[in-house]
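The figures here come from the full heavy-atom set of this structure, side chains too, leaving out hydrogens, waters and symmetry mates.
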Amino acid sequence: MQRYFLLPENNFCLSKEDIFHIKNVMRMKVGDEFEVVNNEGVFLCKIKDLVDFQYISSKKLVENNELKGHIRLLYCIPKGDKIELVIQKATELGVKEIVLINSSRSIGKIDSNNKERKLLRFNKIIKEASEQSKRDSLLILKDVISFKDIINYKADYSFIAYEKDSINEKIEILSHINDLKDKTINILIGPEGGFSEEEVEYAIKNNYISTSLGHRILRSETACLSILSLLSYYLD
């Protein structure tokens, strides 16, 4: 069943885009049902009138599709549209929060000139992915920060995926996997060029645990999907 999120900026009403989707894409009729998520929960709704588009809420649904843990992805901005893929898949995999980082080796940059436009696009992707994957709450896209500001995002456990740790033949995050339920977990992923040594040292100095993701060197977006899939499995 189709699910829609009511957003504060729309006064917790269905947006024009949602109504268009119901009428012209889903081709729903009077009496058809859909789900609505607002700040009070998930509700089953029924279409009452298509002309003026009115609907009624028939009952509140009791469900929990969220992970048993708060995953925060701190992602150093990659080039091109890879970031859109990561945001979409992170939403589907149950991530609670994304913080974007302009790191020293980030080829793509988000600054004051393009930030508003980019965040608008990213939040649209989050909404659509949340509806498709039946999330009970929207992933929060926090901000765009510089690397040094990672210290402002506290967590019970913080991990930095570092490709040079592949020589240790140990995926350190697995050593803590049974302790992560119901905890806040930071996952720090670098851009295409990886982290600088100074950035790795800074993260570790601030309580990040360096972890390998295996013997192979993964692309930036693959590293995100790999570690998030692992956490999603264990926290589901």
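- Atom CD of E197 sits about 5.5 Å away from atom OH of Y162, to the nearest 0.5 Å.
- When hydrophobic clusters are built by joining Ile, Leu, Val, Met, Phe, Trp and Tyr residues whose side-chain heavy atoms come closer than 4.5 Å, directly or via intermediates, I101 is grouped together with I151.
- Listed for the K109 side chain is a donor-acceptor partner under 3.5 Å among the backbone atoms of S103.
- The main-chain N or O of G41 is found under 3.5 Å from a side-chain atom of N38 such that the two form a donor-acceptor pair.
- The heavy-atom pair separating S57 from C45 by the smallest distance is CA-SG, 4.0 Å.
- Under the 3.5 Å distance criterion, the side-chain polar atoms of R72 are left unmatched by any main-chain donor or acceptor of S158.
- Contact detail for K127 and L7: the closest heavy-atom pair is CD-CD1, 3.8 Å.
- When the salt bridge (charged side-chain N to carboxylate O under 4.0 Å, His left out) test is applied to E192, the partners found at least two apart in sequence or on another chain are K82.
- Applying the side-chain hydrogen bond (donor to acceptor under 3.5 Å, both in side chains) rule to pairs touching residues 218-236 yields Y75-S220, sequence neighbours excluded.
- Put simply, the side chain of D18 never gets that close to the backbone of Y4: no donor and acceptor are under 3.5 Å apart.
- Enclosure of atom NZ in K79 is not indicated, since only 12 or fewer non-hydrogen atoms of other residues, nucleotides or ligands lie within 6.0 angstrom.
- Of the possible polar contacts, one joining the D136 side chain to the N65 backbone as a donor-acceptor pair under 3.5 Å is found.
- Both L174 and Y157 belong to a single network of hydrophobic side chains, linked directly or stepwise wherever heavy atoms of I, L, V, M, F, W or Y lie under 4.5 Å apart.
- The salt bridge (Lys or Arg N to Asp or Glu O under 4.0 Å) analysis of residues 34-47, with sequence neighbours excluded, yields the pairs R3-E35, E35-K134.
- Put simply, the residue from R121, K118, K124 that forms a side-chain contact (heavy atoms from CB on, under 4.5 Å) with E84 is R121.
- In this structure, NZ in K154 is found 7.0 Å from CG in N152, a value given to the nearest 0.5 Å.
- Judged purely by distance below 3.5 Å, without hydrogens or angles, the side chains of E199 and S104 pair a donor atom with an acceptor atom.
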